[in-house]
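Each ligand, and each atom within it, is numbered from 1 in the order the structure gives.
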Amino acid sequence: MSKEQTILHDPHLSERDPEIFSLIKEEEKRETDKIRLIASENYASRAVLEATGSILTNKYSEGYADKRYYEGQQVIDQVENLAINRMKALFGAEHVNVQPYSGSPANLAVYLAFCDPGDPILGLSLPAGGHLTHGWKVSISGKYFNSVGYGVRKDDHRIDFDEVARLAKEHRPKLIWAGTSAYPRTLDFAKFREIADDVGALLIADIAHISGLVAGGQHPSPVGIADVVTSTTHKTLRGPRGGVIMCKEEHAKAIDRAVFPGLQGGPHNHVTAGIAVAAKEANTPEFKAYAKDVVDNAQALAESLLGHGFSLVTGGTDNHLIVADVTAKGIAGKVAAQALDRAGIVCNYNSIPFDPRKPFDPSGIRIGTSSFTSRGMKAAEAKLLGDWINEVVAAPEDDKVIEKVAREVKECCDSFPPPGIPVD
Ligand code: DSN
C-alpha cells in the first residue's frame, strides 16, 4: 500500500467518526465555559494529554522492565522506568509501581498483597468522608473482608482518633486505611502509625485526593510513615487517569506481584507515559505555587461561603475541598448541585457526617478548587464564586437568577482559558 493510500485509509477522527468528534468538541466547550468544582477532577496539561493519546496505547507489555512476557519492549521499559524514577523523586518513595489502572485497582492490589478473604480491615466510613474501597459494604472491599468503619466526631467532624484506637484494639485489623474522599482537613499520618503499631496492623495511606498537595508541599506526606501509599494520578496531581502504589522496599515484591499477575494484565503504556510527564511537571516550583493556590483558593471560597451563612463540615478547610451542609439554607444537596450546574458551576451532591438524608438525596455539596486553580483563578474569583453559589442556592428555581449567574460565570471563564483544551 502506498503512503497516499495509507493516509486515505486513516482519516482524522472528525472524518472517521463525526459523532464522537463533535461530542469531544462539546465536552471541550463545557469544560471551557463552566467552573468545574468536582473535587476529584482537574485539567491535564497539553503535554500530559499528548502522551496519553499517543501510539504507546498499541503495545502490550505484561510484566515489569527487563522481565516482560512480550518482545519489543525497547521503548516501553524506558517509559515505565522514567515514570517510576520521577515518582520516586517527587515523593521520596523507596519503591513505586505505576501500573494500576486507577485508584480502585491500586487499593484492590493492596488487599491482594496482604489480606485473605474475611480478614478484618479498618477504614474511614463512606458517610464520614471515606472511600468506597476502604471497606464500604457495597464494594468488594466490604464484601470480601470483615470491614469495620471508624468515623468523625459529632461536635467538630474531625477524625475520631479515640474511636480509631478503640476499634483497632477490638478488631485487630490486618490493615488500617488513612485516606479520604470528602474530608476537608489535614490527615495526621503519625497518629495513624502509632495506632497501627499498637495492634500490629499495616498502615495504608490513600492520598488520591491530596497527592498534588503532598507533592507541592501543602499537605504532610505519609511516605516513610505508612507501609504503603496509594493514589490516583489525575486529581490534584493533574496527570492522566491512572493509579500508583508507593511502598517500602520490604513490600515491593508483594505489591508488584499483586498488581501483575495478581490483578491486572498489560499496563496501559500511554497512561504510564502521561504519569511520567505529570511527575515531571509536578516536580517544579510552578507546581508548588499551584498547590499553594489550590489551598488558598479553597480557604478564600470557604470564607466567602461562611460570610453568606453557609454551614461547612469542620467549619472550613485545610486542603482542596469544602463540604457544605446546604439544608441549613433550606435546600437539599441534589437540588443545589443541579441548580448550580444550570448556572455553570459544576459540583456534586454529597453526604455530610451523620447525614439524616439518604446518599442519593443527601444534605450536602462537595466543592473542590483544583480545576478552578488550574485555570489561573485566584482568591478574587473564589470570593465571586461564593457570591454566585449563594445567589443560586437562594433561588434554585428562578430562571432569571440562574441565567444571570451563568452569564457572569461564562464571562469570568472567558478570561481564564483552561490548560489542555485547544482554542478553536
Ligand atoms: N469517586 C472519586 C471522588 O469523586 O472522590 C474518588 O474515587
Side-chain angles (χ1 to χ4, degrees), residues 31 34-44 100-111 123-142 147 149 152 157 159 177-187 204-214 219 228-245 263 268 271 275 278 294-295 298 313-314 317-324 333-334 336-338 340-341 345-353 355 359-360 362-374:
E31 293 191 14
K34 298 197 172 190
I35 294 184
R36 299 169 58 231
L37 298 175
I38 291 178
S40 44
E41 295 180 354
N42 211 326
Y43 293 98
Y101 298 144
S102 197
S104 299
N107 290 351
L108 207 47
V110 170
Y111 290 117
L124 180 63
S125 70
L126 188 74
H131 192 256
L132 269 174
T133 57
H134 299 173
W136 190 239
K137 53 197 172 209
V138 296
S139 129
I140 187 170
S141 62
S147 157
V152 293
H157 294 161
I159 286 175
W177 286 102
T180 64
S181 248
Y183 184 71
R185 296 296 177 179
T186 300
L187 292 177
I204 317 294
D206 178 345
I207 59 167
H209 265 268
I210 53 168
S211 52
L213 304 184
V214 171
H219 190 292
V228 179
V229 178
T230 67
S231 184
T232 48
T233 49
H234 48 269
K235 297 188 175 93
T236 46
L237 196 57
R238 291 193 57 193
R241 296 295 282 256
V244 61
I245 304 179
L263 193 64
H268 293 175
V271 176
I275 291 173
V294 168
V295 177
V313 170
T314 76
T317 182
D318 299 327
N319 59 25
H320 64 303
L321 71 81
I322 294 164
V323 182
K334 193 188 247 182
Q338 289 173 344
L340 285 165
D341 188 41
I345 297 168
V346 190
C347 66
N348 65 280
Y349 56 88
N350 214 95
S351 293
I352 57 163
D355 203 327
F360 204 57
S363 299
I365 55 173
R366 186 185 67 161
I367 303 166
T369 51
S370 331
S371 310
F372 175 91
T373 309
S374 291

Checklist entry - Side chains of His134 and Asp206: do they bring a donor and an acceptor to under 3.5 Å? => result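 Yes, because at least one side-chain N or O of His134 sits under 3.5 Å from a partner of the opposite role on Asp206.
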Checklist entry - Below 4.0 Å from any atom of ligand 1, is there a heavy atom belonging to Lys235? => result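 So Lys235 counts as touching ligand 1.
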Checklist entry - Under 4.0 angstrom from ligand 1, any heavy atom of Gly103? => result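 Checking ligand 1 against Gly103, which is what was asked, there is no heavy-atom contact under 4.0 Å.
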Checklist entry - Which heavy atom of Thr236 sits nearest a heavy atom of Ile210, and at what distance? => result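 What the structure gives for the nearest pair is OG1-C, 3.5 Å.
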Atoms of ligand 1, numbered as shown, that sit under 4.0 Å from any heavy atom of [X]:
X	answer
Arg366	3 (C), 4 (O), 5 (O)
His131	6 (C), 7 (O)
Ser181	5 (O), 6 (C)

Checklist entry - After noting the C-alpha distance and the side-chain angles of Ser370 and Asn42, does the key distance pass the side-chain hydrogen bond (donor to acceptor under 3.5 Å, both in side chains) rule? => result CA-CA 6 Å; Ser370 331; Asn42 211 326; 4.6 Å; no
Checklist entry - Mind checking whether Tyr101 and His268 have parallel, tilted or perpendicular rings, split at 30° and 60°? => result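 Judged by the thresholds at 30° and 60°, the geometry between Tyr101 and His268 is parallel.
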Checklist entry - What is the ring orientation for Tyr349 with Phe360, classed by angle as parallel under 30°, tilted 30 to 60°, or perpendicular over 60°? => result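 If you compare the ring of Tyr349 with that of Phe360, the planes turn out perpendicular.
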Checklist entry - Where's the contact between His234 and ligand 1, heavy-atom distance under 4.0 Å: side chain, backbone, both or neither? => result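 Neither part.
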Checklist entry - Is there a side-chain hydrogen bond (donor to acceptor under 3.5 Å, both in side chains) between Ser141 and Ser139 once you walk through the steps? => result CA-CA 5 Å; Ser141 62; Ser139 129; 2.6 Å; yes
Next on the checklist: Just to confirm my output: which protein heavy-atom neighbour is closest to atom 5 (O) of ligand 1, and how far is it?
Outcome noted: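 For atom 5 (O) of ligand 1, the nearest protein heavy atom comes out as His209 NE2, 2.7 Å.
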